[in-house]
Number of protein chains: 2
Amino acid sequence: MKEVAMATAEVKLTKNQRLVLDLLCASDAPMSAYSILDQLRTEGLRAPLQVYRALDKLIGLGLVHRLESMNAFVACAHPACHAVEMVGFAICETCGKALEFADNDVAEILSGWASANGFDAKSTSIEIKGTCASCQEKSEDSSGAE
Amino acid sequence: MKEVAMATAEVKLTKNQRLVLDLLCASDAPMSAYSILDQLRTEGLRAPLQVYRALDKLIGLGLVHRLESMNAFVACAHPACHAVEMVGFAICETCGKALEFADNDVAEILSGWASANGFDAKSTSIEIKGTCASCQEKSEDSSGAE
DNA sequence: ATATGTTACGTAATAATATAACACAAATAA
DNA sequence: TTATTTGTGTTATATTATTACGTAACATAT
């Protein structure tokens, strides 16, 4: 029961799943499956499938999310409450980082739309593309204005 | 000026762009780039790039949307008001069809989140995965219940 | 008309992402 | 133990997308 208080330690993960999750947690930006593979070659991973299988499991557990518009994967920012149903990301096209967010109002509106239309929703992904605050500041430096 | 009243005729499209758009409009479900290519071989298209270039242009015009989670493309259901900023789709995992929707409340909440977080949003995609009404009915047939 | 810039085209090659199929090992449960 | 499930490792292949190159079509300004 001393077992570590890490939010992600509740479930027993296999070696490969642990390697992938730890790498994603340590990364400050989403990673593609193949860059995960490259990083883990030293740990013994050799084939894409090893990564994809671990990712599938981790996504099922709500510990990892997939960014559909980028074919990339990111550790869930809220590892405590694995909300699998609705997740949102704001993805910066300049630095590649993704900010995870959750919004109950949006979730309710969308599930309202679904039931009004007889659609049985299993999962919802929201992805906003644009430029993050930090990258906007940087680009103002070059524009010389004010 | 007699020029056709088709909603999609406002802009002058090239032959390849027209072929791709017409095919997507005629399809009742989203299509992958390569299935578009296959369908248009008889029309003279030969290489993936020809399709991807046409798609890029059509997406820029708001006449076609990309379903990020499926690597597929679909003609815009509202060809009149080309809303590029925010589009939503409910995608049926059984029949593969996609229902397009728009919701101003959601759009406002999301753009509110963005400005509150200093994020400069360019485009937003919402994709709900699940089962459409029609496919639910069909599967009830087999479940015999009630 | 001719020059110039822009947009689109066609082709070949290749990169990047993802899955199928197979045989085997470890953990779990009956 | 036996059966069942779950995960593993490997090879091969399928699917999706882009790079790089050279050419053609079109607008428009001289």
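Protein chains get the first letters and strands the later ones, always in sequence-line order, with residue 1 at the start of each. Reckoned from all heavy atoms, side chains included, excluding hydrogens, waters and symmetry mates.
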Could you tell me the separation between the [atom1] atom of [X] and the [atom2] atom of [N], rounded to a whole number of Å?
X: B:Leu45; N: C:dT11; atom1: CG; atom2: C1'; value: 13 Å
X: B:Leu37; N: C:dA12; atom1: CG; atom2: P; value: 14 Å
X: A:Ile36; N: C:dT17; atom1: CD1; atom2: P; value: 11 Å

- Task: Could you name each residue pair satisfying side chain to side chain donor-acceptor pair (under 3.5 Å) that touches residues 50-62 of chain B, not counting sequence neighbours?
- Result: none
Might you list the N or O atoms of the protein lying below 3.5 Å from N or O atoms in nucleotides 20-30 of chain C, with each pair's distance?
{"residue": "C:dT28", "atom": "OP1", "partner": "A:Lys12", "partner atom": "NZ", "Å": "3.3"}

- All pairs passing salt bridge (charged side-chain N to carboxylate O under 4.0 Å, His left out) where residues 123-133 of chain A contributes a residue, at least two apart: none
- Can you check whether A:His65 and A:Phe73 have ring centres sitting under 6.0 Å from each other? no
- For DNA chain D, note the earliest and the latest nucleotide, 5' to 3', having some atom under 4.0 Å of a heavy atom belonging to chain A. D:dG7 to D:dT11
- Who pairs with A:Ser115 by side chain to side chain contact (heavy atoms under 4.5 Å, CB included), at least two apart in sequence or on another chain? none
- Query: Among all residues two or more places apart in sequence or in another chain, which pass the side chain to side chain contact (heavy atoms under 4.5 Å, CB included) test with A:Asp38?
  - Reply: A:Arg41
- Side-chain heavy atoms of B:Ile128 within contact of B:Phe101, under 4.5 Å: yes
- Item | pair B:Leu110-B:Ile126: side-chain heavy atoms closer than 4.5 Å | yes
- Between B:Asn71 and B:Lys57, whichever has its closest DNA chain C nucleotide further toward 5' is B:Lys57
- Message: On DNA chain C, compare the nucleotides closest to A:Ser32 and B:Arg46; which residue's is nearer the 5' end?
- Response: B:Arg46
- Query: Is there a stack between A:Tyr34 and C:dT17, judged by ring centres under 5.5 Å and planes under 30°?
  - Reply: yes
- Step by step, would you call B:Ile36 with B:Leu40 a side chain to side chain contact (heavy atoms under 4.5 Å, CB included)? CA-CA 6 Å; B:Ile36 292 171; B:Leu40 293 179; 3.8 Å; yes
